[in-house]
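These values consider heavy atoms only, across backbone and side chains, with no hydrogens, waters or symmetry-generated copies. Quick note on labels: first sequence line is chain A, next is B, and so on, each numbered from 1. Remember, it's a predicted structure, so these values are computed and weren't measured experimentally.
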Protein chains: 2
Amino acid sequence: MPRRSPNPDTPAGERILVTASELFYERGIRGVGVDLIADQAGVTKKTLYDRFGSKDALVAAYLTRRHERWAAWFREHLAERGATGTDQVLAALEVAEEWADDNVRGCAFVNAHGEIGGTEHPGNAVILADKQYMLAAFQGLLRDAGHPDAERLGEQVHLLYEGAMVAHTTRAQPDAFGVARAAARALLRD
Amino acid sequence: MPRRSPNPDTPAGERILVTASELFYERGIRGVGVDLIADQAGVTKKTLYDRFGSKDALVAAYLTRRHERWAAWFREHLAERGATGTDQVLAALEVAEEWADDNVRGCAFVNAHGEIGGTEHPGNAVILADKQYMLAAFQGLLRDAGHPDAERLGEQVHLLYEGAMVAHTTRAQPDAFGVARAAARALLRD
DNA sequence: AGATAACCATACAGGTCGGTATACTCGCAG
DNA sequence: CTGCGAGTATACCGACCTGTATGGTTATCT
């Protein structure tokens, strides 16, 4: 009998989530089967289903975890740079570049959206939340810097950020983030 | 025996490609099996393999066809607007918005890259070519308009274009293309 | 007349998919 | 000492996956 509300917060559950996250990001969601995840995590398939209930739920957990990891990493590394005022926006784009260099498959949420977008998959809400978080982050930085039009400019910089992510990952523009920073500087001058 | 060099340029081949294109775009590459494509196209699986040789080759043909379709549509609708000078860039973003409204699953090449990126799939070359085509298109428009820094500015506008596509499709920014145009206008003023 | 290209229909191979079923062991808290 | 949560192992389900095999039909071109 399936658990009423599966509780993934156990050692095996954690191992499953970590393993699944790596595999999903590297090979795509449909490119990874639950058998492989269970094997790789040193766990039986039954345990996987006892902890997460379904593959869809595991995918949603993967996206949630990934967003949390990224948000924490982003905040931390941004603070480390000690930028002030509108320079924080440029620093944010530098931090994003650093992340992108270590995450060659690009934005996990864009990739996931390409696979599950337009369906009723529980992961879709997480994808939207991640994107809105980044938009709000840029707007927040500009608001804190006292910029008179933080909302509008935040939207524009957010487009540069998303565009740079795509152009960098697809190798259409090798220095996509440098280009994004130059554009952001011009918009800030305005 | 498999054909030495499969020739997809037949009525059945065309039907297969059209059907596969719709399905791949709507459900993703791994989300569609060759059986379904053959059924939907009113063709036997043998014919599909006689025409295209493999699913991977069919996917590459899908991406190539899609790029050609988009490029033709883009050129045509851009010309129809009769914009001149640097206004052509803004018109291009309007045309892109129109396309995006009718193609709810977003950029087929970004989606495909999420599924096959980082592998040796023959579709990867097509994806890169499409992205570089759009970068060159923006640079070309600016060069024709006599802009002194067409290369650099083209790169920046290209990021706005890619970013708007992502933000629009994921619904992170409902008016993503309007925001992109405002940013482009500001960069052009510079 | 003969060859060839372009199809049709059916069947099958060998594997993977998400998900379930059964039966067992271990540690711990009441 | 008993019950339960967390885990093990193995087997199975029906559906689907890419790809091949076999054999037959029709139209066109030389």
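Per the geometry, CG belonging to B/Asp35 stands 12 Å off C1' belonging to C/dC12, to the nearest Å. Between the P atom of C/dG15 and the NZ atom of B/Lys55 lies a distance of 19 Å, rounded to the nearest Å. For the pair B/Leu48 CG and D/dG19 C1', the computed distance is 11 Å after rounding to whole Å. The CZ atom of B/Arg27 sits 10 Å away from the P atom of D/dC17 (whole-angstrom rounding). A/Asp50 has its CG atom 9 Å from the C1' atom of D/dG7, to the nearest Å. Rounded to whole Å, atom P of C/dG15 lies 17 Å from atom CG of A/Leu36. Atom P of nucleotide C/dG19 and atom CG of A/Leu58 are separated by 10 Å, given to the nearest angstrom. Counting to the nearest Å, the C1' atom of D/dA6 and the CG atom of A/Asn7 are 11 Å from each other.
A sub-4.0 Å separation between OP1 or OP2 of D/dT10 and a side-chain N or O of A/Thr44 is absent. In terms of phosphate contacts, B/Arg30 brings no side-chain nitrogen or oxygen within less than 4.0 Å of OP1 or OP2 of C/dC17. For B/Thr10 and C/dA5, the shortest distance from a side-chain N or O to OP1 or OP2 is not below 4.0 Å.
Shown here is B/Arg185, whose CZ atom has more than 12 heavy atoms of other residues, nucleotides or ligands within 6.0 Å.
For a distance-only test at 3.5 Å, the side chain of B/Lys45 qualifies as a donor-acceptor partner of the base of D/dG19.
Using a 4.0 Å heavy-atom distance criterion, A/Gly31 is classed as making no nucleic acid contact.
Listed nucleotides C/dC7, C/dG19, D/dG19 differ in distance to B/Tyr49; the shortest reach to its side chain belongs to D/dG19. Listed nucleotides: C/dG19, C/dC7, D/dG7. Nearest to the side chain of A/Thr47: D/dG7.
A/His67 and A/Phe109 have perpendicular rings, their planes meeting at more than 60° on a 0 to 90° scale where under 30° would count as parallel.
Between A/Arg81 and A/Glu94, at least one side-chain N (NZ, or NE/NH1/NH2) sits under 4.0 Å from a carboxylate O, which counts as a salt bridge. The existence of a salt bridge linking B/Glu14 and B/Arg65 is confirmed by a sub-4.0 Å separation between a basic side-chain nitrogen and an acidic carboxylate oxygen. Salt bridge present: B/Glu151 and B/Arg143 bring a charged side-chain N and a carboxylate O closer than 4.0 Å.
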